[in-house]
Trainee: 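Please read through the structure below; I'll follow up with questions.
If you read the sequence from its start, that first residue is 1, and numbering goes on from there.
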Amino acid sequence: DRLYGSVRSPHSSYVGILADLGAIGLASWLLLLGLCAASAVRAWRRARAGGVRDLLPLIESLLLMMGLHILAYGFYAPNQMDKLLWMTMAMCIAVSYVVTAELTSSDWRENRS
C-alpha cells in the first residue's frame with residue numbers, strides 16, 4: 001500500500017529477470033549469455049590454432065568483459081539494461097565471424113599462390 005518514488009531494484013540481474021520473466025525467461029537469458037561467451041571462446045581457439053595472433057588480445061578482452069558481466073556484475077547489479085553488456089555480446093558474436101573470415105581469406109590466398 002506504499003508508493004515508492006524511486007525505482008526499485010532487485011540488486012541482481014538474475015533475481016530481477018526471474019521475478020519479471022520467470023524460470024523460462026531466466027533460462028533464456030542464461031542461454032543467450034552462454035552462447036555469446038561460447039562464441040568468443042570458439043573464436044579464441046580458432047584464432048590460436050589458425051595463427052591469427054593479432055586478434056587474440058581483442059578476444060581475450062572480450063572474454064574478460066563477458067566474465068565480469070556474467071559473474072560479478074550480474075549478481076550485484078541489474079546489468080541487463082546496460083548498453084556495454086549488449087555491445088560486448090554483439091562484439092563476441094562479431095569477432096567469431098571476423099576470425100572465420102580471416103582464416104578463410106588466408107586459406108584462399110595460400111591456395112591461389
Trainee: Do you know the tightest heavy-atom contact between Ile93 and Ser39?
Mentor: CA-OG, 3.6 Å
Trainee: What's the spacing between Leu33 CG and Ile70 CD1 if we round to 0.5 Å?
Mentor: 5.0 Å
Trainee: Which is it for Met66 and Leu62 under the side chain to side chain contact (heavy atoms under 4.5 Å, CB included) test, yes or no, and what are the steps along the way?
Mentor: CA-CA 6 Å; Met66 279 302 292; Leu62 286 172; 5.6 Å; no
Trainee: Hey, any chance Leu103 and Val41 share a hydrophobic cluster, counting ILVMFWY side chains that come within less than 4.5 Å of each other, even indirectly?
Mentor: yes
Trainee: As an exercise, state the distance from OG of Ser13 to CG of Leu30, rounded to the nearest 0.5 Å.
Mentor: 8.5 Å
Trainee: Return yes when atom OH of Tyr14 has more than 12 non-hydrogen atoms of other residues, nucleotides or ligands closer than 6.0 Å, and no otherwise.
Mentor: yes
Trainee: Treating Ile, Leu, Val, Met, Phe, Trp and Tyr as nodes and any side-chain heavy-atom pair under 4.5 angstrom as an edge, say whether Leu32 and Leu26 lie in one connected cluster.
Mentor: yes
Trainee: Taking only residues two or more places apart in sequence, or in another chain, which ones meet Thr100 in a side chain to side chain contact (heavy atoms under 4.5 Å, CB included)?
Mentor: Arg46, Thr104
Trainee: Is Ser12 reaching over with its side chain to a backbone N or O of Gly74, donor-acceptor style, under 3.5 angstrom?
Mentor: yes
Trainee: Residues in side chain to side chain contact (heavy atoms under 4.5 Å, CB included) with Leu84, at least two apart?
Mentor: Met65, His69, Asp82, Thr88
Trainee: Within a strict 4.5 Å, meaning less than it, do heavy atoms of the Asp54 and Val52 side chains meet?
Mentor: yes
Trainee: Measuring from Leu71:CG to Tyr76:OH, what's the distance to the nearest 0.5 Å?
Mentor: 12.5 Å
Trainee: Test of understanding: clusters of I, L, V, M, F, W, Y form through side-chain heavy atoms closer than 4.5 Å, transitively. Do Leu35 and Val95 belong to the same one?
Mentor: no
Trainee: How long is the span from the CD1 atom in Ile59 to the CG atom in Leu63, to the nearest 0.5 Å?
Mentor: 7.5 Å
Trainee: Excluding sequence neighbours, so at least two apart, what forms side chain to side chain contact (heavy atoms under 4.5 Å, CB included) with Leu56?
Mentor: Trp44, Ala47, Arg48, Arg53, Glu60
Trainee: Are Met91 and Leu68 joined in one hydrophobic group, where the rule is that I, L, V, M, F, W and Y side chains link up if heavy atoms are under 4.5 Å apart?
Mentor: no
Trainee: Does Leu18 share a hydrophobic cluster with Trp29, counting links as ILVMFWY side-chain heavy atoms below 4.5 Å and allowing steps through other members?
Mentor: yes
Trainee: Is Val98 close to Leu58 at the side-chain level, that is, under 4.5 Å between some pair of heavy atoms?
Mentor: no
Trainee: Whether the side chain of Trp86 engages the backbone of Gln80 through a donor-acceptor N/O pair (distance < 3.5 Å, no angle test) should be reported.
Mentor: yes
